[in-house]
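First the proteins, then the strands, lettered A, B, ... as listed; each starts at 1.
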Amino acid sequence: MEKKPYYITTAIAYTSGKPHIGNTYEAVLADSIARYKRLEGYDVYFQTGTDEHGQKIEQKAAEQNITPKAFVDGVAGEIRTIWDRMNTSYDKFIRTTDTDHERQVQKIFKKLYDKGDIYKGSYEGLYCTPCESFWTESQLVDGKCPDCGREVKPAKEEAYFFRMSKYADRLIEHINTHPEFIQPVSRKNEMMNNFLLPGLQDLCVSRTSFKWGIPVNFDDRHVIYVWIDALSNYITGIGYDADGASAEQFGKFWPADLHLIGKDILRFHTIYWPIMLMALDVPLPKQIFGHPWLLRTDESGGSVKMSKSRGNVLYADDLADLFGVDAVRYFVLHEMPFDNDGAVSWELMAERINSDLANTLGNLVNRTISMSNKYFGGVVEDAGISEEVDAGLKAVAAGTADRVAEKMKELRVADAITEIFTLFKRCNKYIDETMPWALAKDEAKQGRLKTVLYNLVEGISIGAALLEPFMPETTEKILAQLHAEKRGLSECRSFGGYVSGTKVTDAPEILFARLDMKEVQEKAVKVAEAQKAEAAAEEAKGTAASGDGAAKAGAGTAADGAADADSPSVIDLAPKPEITYDDFAKLQFQVGEIIACEEVKKSKKLLCSQVKIGSQVKQIVSGIKAHYSAQEMVGKKVMVLVNLKPATLAGVLSEGMLLCAEDENGKLALMTPEKPMPAGAEIC
RNA sequence: GGCGAAGUAGCUCAGCUGGCUAGAGCACACGGUUCAUACCCGUGGUGUCGAGGGUUCAAGUCCCCCCUUCGCUACCA
């Protein structure tokens with residue numbers, strides 16, 4: 001019988017830096033599903049890879065004085081090394097710099113262009129620079145950017161756009177009729193309510209502001225922006241051809257069964273990607289699962305994102321060095337909730353490893369083998385002397401495979417693992433119920449003792465076999481120690497598959513050593529210090545990252561989280577068009593003194609200040625609540641853009657703008673005169 | 001502000017269409033056991049099921065309102 005195909009993908013990791021354990025989690029999770037599906041008899045194709053274009057990478061490479069290609073070769077290699085170390089069994093590691101991918105992306109772009117779904121933007125005067133967005137006349141609100149309310153300007157940068165709205169209704173219909181399409185379901189509402197139902201805007205799909213990307217082959221001033229480039233990997237990787245000459249493999253594996261991605265990029269995968277496919281007349285993937293994030297616990301027990309400057313980034317290889325690869329896999333797979341963010345720390349890991357892996361599992365295998373050796377020279381045979389107590393163990397052992405299958409059907413990997421460990425616990429209990437050491441003292445009970453040990457070895461064998469998708473090395477180690485044969489899922493559904501009379505190893509190896517919490521903590525401190533030092537060194541060296549919004553939004557791939565770690569000492573912005581002195585002279589800047597300030601109740605970010613400028617007082621609303629309290633604002637002398645057209649924000653009138661500097665993390669600092677100045681002094 | 005999710009044992013969470021004394025894992029305490037990696041087995045919670053109302057013979061489970069947290073989104077003049 002022909003095996004049924006199963007195609008699973010991860011997001012491709014952005015090659016701006018080394019991925020942390022949260023990013024690695026995605027690859028491991030996908031791997032466990034892929035391995036399980038193989039066990040179920042599917043012909044699995046598991047694809048992962050790297051997203052390697054974009055301005056951010058262009059800049060990073062420039063800082064290191066190497067070509068972008070050399071830069072991404074390095075990082076992609078590093079990522080692949082980590083994936084390999086974690087034993088991810090991918091069938092293909094695609095890179096967006098692969099020539100066949102690049103060629104197909106160009107073809108796809110051209111095809112969409114020829115079809116009229118991509119068009120060259122010609123919206124003169126309607127570009128909002130801060131939002132990096134183009135708008136149609138009808139989209140404007142009071143003639144201003146509907147996003148931010150600012151003036152829109154003539155666009156110097158032409159760009160290509162994707163007609164999203166054309167397919168919106170079809171997509172809404174599809175989502176409504178395929179409840180399994182977006183997982184978890186709570187995310188479906190977010191996509192519907194925030195994007196689809198209010199109406200989709202056309203998407204900008206090319207850039208001229210940087211060069212490191214796939215050129216538009218009929219207009220080489222443009223490079224193809226991340227969406228079409230990165231998302232296409234799912235089809236180019238299995239041989240899609242835009243001209244209809246797709247490889248056989250594509251016909252076999254597409255549509256994908258599962259796109260496994262981080263919850264942060266769900267929007268791109270559940271809206272833009274399906275629409276792209278519709279435009280290409282390609283079927284949609286069956287399911288998209290936006291998994292939660294693995295966060296870091298902080299000192300107070302709360303959860304925070306990882307960042308190098310905090311010294312709290314956890315890397316898979318550091319963790320694997322201390323705990324071992326399977327322990328790390330176990331932790332991320334077992335501890336991550338299905339739809340909530342999970343937390344990880346050195347201590348939490350050590351706790352789980354001690355209680356689950358060392359105590360429950362490791363010790364079970366060890367004590368069982370020891371007894372076999374002690375009582376029967378290592379030979380395990382079923383003497384056929386059963387008692388009633390055996391039924392409990394057998395029922396759990398033979399039923400575990402089905403329970404695991406049930407959980408895996410819903411991608412509840414953590415619960416599936418729990419089922420397997422329930423079996424191991426049952427084995428431990430069985431030892432207490434039967435008390436082999438007591439049987440050993442009774443000459444007449446030798447047969448019974450043999451059967452008891454056989455049952456134990458068989459129970460462990462079944463558990464070990466089922467554990468393979470999650471902890472492949474451990475499965476191998478256990479089976480090797482028991483000299484048990486590999487078995488398929490169906491052979492896990494009946495009790496008694498272990499070959500009677502087999503001799504187990506006489507030198508049981510410790511599977512997972514118990515960890516000393518103090519040592520773990522010391523190691524954690526060391527790693528944190530090394531990281532902080534490294535972060536400081538990089539800052540001193542002036543290793544800058546880009547503050548470019550394009551890279552931020554664009555990538556949205558797994559490695560993104562690592563990006564906010566860097567603290568550049570300089571920031572480069574995309575240059576705006578040159579202006580004349582007359583343009584400048586239109587702006588009136590003055591020193592303003594804040595004489596009163598209060599929070600705007602109905603908003604999260606806004607403060608409303610009364611600003612004294614000369615003899616008049618203006619009311620100005622600013623989005624700086626996260627950076628300044630209302631009290632500390634009072635008394636400050638700040639730089640004010642005075643002649644800005646008044647606007648209403650959150651229902652409050654604002655008659656100007658307080659100027660701030662902003663770093664790449666969005667941190668704000670008010671501009672204040674360096675020497676005392678009277679309120680109203682002109683800034684020119 | 002809009003949409004959504006969640007608030008259950010010290011911690012992490014299960015509890016579907018309402019129904020017997022509200023559960024699991026971890027941690028902790030005590031008891032048992034000794035084959036084993038000071039391990040395993042057993043026992044132990046008076047938890048106001050966020051607050052307050054309501055429907056019902058019966059509510060953690062349905063309705064209303066409030067509080068808190070979180071996610072997405074808008075507001076960053």
Taking the C1' atom of each, how far is B:rC66 from B:rA24, in whole Å? 32 Å
Taking the six-membered ring for Trp, are A:Phe181 and A:Phe289 closer than 6.0 Å centroid to centroid? no
Identified stems (criterion: three or more consecutive Watson-Crick or G-U pairs, under 3.5 Å), RNA chain B: B:1-7 with B:67-73, B:10-13 with B:23-26, B:28-32 with B:40-44, B:52-54 with B:62-64
Could you pick out which residue, A:Ser370 or A:Trp293, lies toward the 5' side of RNA chain B when each is mapped onto its nearest nucleotide? A:Ser370
B:rA59 to B:rG42 separation - P atoms, rounded to the nearest Å: 35 Å
Check the side chains of A:Asp382 and A:Tyr498 for a donor-acceptor pair under 3.5 angstrom, ignoring hydrogens and angles. no
Suppose you measure atom C1' in B:rA51 against the same atom in B:rC65; what distance do you get, rounded to whole Å? 11 Å
Suppose you measure atom P in B:rG71 against the same atom in B:rC30; what distance do you get, rounded to whole Å? 41 Å
NA contact type, A:Phe512, heavy-atom cut-off 4.0 Å: base, sugar-phosphate, or nothing? base
Within the sub-3.5 Å range, which N or O atoms of nucleotides 22-26 of chain B have a protein N or O partner, and how far apart are they?
from	atom 1	to	atom 2	distance (Å)
B:rG25	O3'	A:Lys425	NZ	3.1
B:rC26	OP1	A:Lys425	NZ	3.3

In whole angstrom, give me the gap between the C1' atoms of B:rA22 and B:rA9. 10 Å
Heavy atoms from C-beta onward define the side chain here; which of B:rU37, B:rC41, B:rC72 lies closest to that of A:Leu511? B:rU37
Just the rounded figure in Å: distance from C1' of B:rU12 to CD of A:Glu335. 8 Å
Over all heavy atoms of both residues, which pair between A:Ala395 and A:Arg403 is shortest? Give the atoms and the distance, please. O-NH2, 4.3 Å
Specify the separation, in whole Å, of atom CZ of A:Phe421 and atom C1' of B:rC40. 15 Å
Heavy atoms under 4.0 Å, any strand shown: does A:Asn366 hit a base, just sugar-phosphate, or nothing? base
So A:Tyr330 and A:Phe421, would you call those rings parallel, tilted or perpendicular, with 30° and 60° as cut-offs? tilted
Could you check how far CG of A:Leu348 sits from P of B:rA27, rounded to whole Å? 12 Å
Using the P atom on both, measure B:rA6 against B:rC13 and round to a whole Å. 13 Å
Return the nearest nucleotide to the side chain of A:Ile510; candidates are B:rA36, B:rU37, B:rG71. B:rU37
Nearest to the A:Asp432 side chain among B:rU37, B:rG32, B:rA36, which nucleotide is it? B:rG32
Verify, without hydrogens or angle tests, whether A:Asp326 (side chain) and A:Thr474 (backbone) share a donor-acceptor contact under 3.5 angstrom. yes
Could you check whether A:Gln619 and A:Gln610, counting side-chain N and O atoms only, form a donor-acceptor pair closer than 3.5 Å? yes
Students often get this wrong, so: under 4.0 angstrom with heavy atoms, is A:Gly656 touching a base, only sugar-phosphate, or nothing? sugar-phosphate
Anything under 30° is parallel, anything over 60° is perpendicular, the rest tilted; go ahead and classify A:Trp346 against A:Phe323. tilted
Assign each of A:Tyr375 and A:Lys429 to its nearest nucleotide of RNA chain B by heavy atoms, then name whichever residue's nucleotide is nearer the 5' end. A:Tyr375
Classify the nucleic acid contact of A:Thr418 as base, sugar-phosphate or nothing, counting any heavy atom under 4.0 Å across all strands shown. nothing
I'd like the P distance from B:rU73 over to B:rA29, given in whole Å. 46 Å
With rounding to the closest Å, how many angstrom separate the P atoms on B:rG7 and B:rC63? 15 Å
Classify the nucleic acid contact of A:Leu641 as base, sugar-phosphate or nothing, counting any heavy atom under 4.0 Å across all strands shown. nothing
Over all atoms of both residues, closest heavy-atom pair of A:Thr451 and A:Ile385: OG1-N, 3.1 Å
Quick one: does any side-chain atom of A:His483 pair with a main-chain N or O of A:Lys503 as donor and acceptor, under 3.5 Å? yes
With distance as the sole test, does A:Asn366 use its side chain to make a donor-acceptor pair with the main-chain N or O of A:Gly362 at under 3.5 Å? no
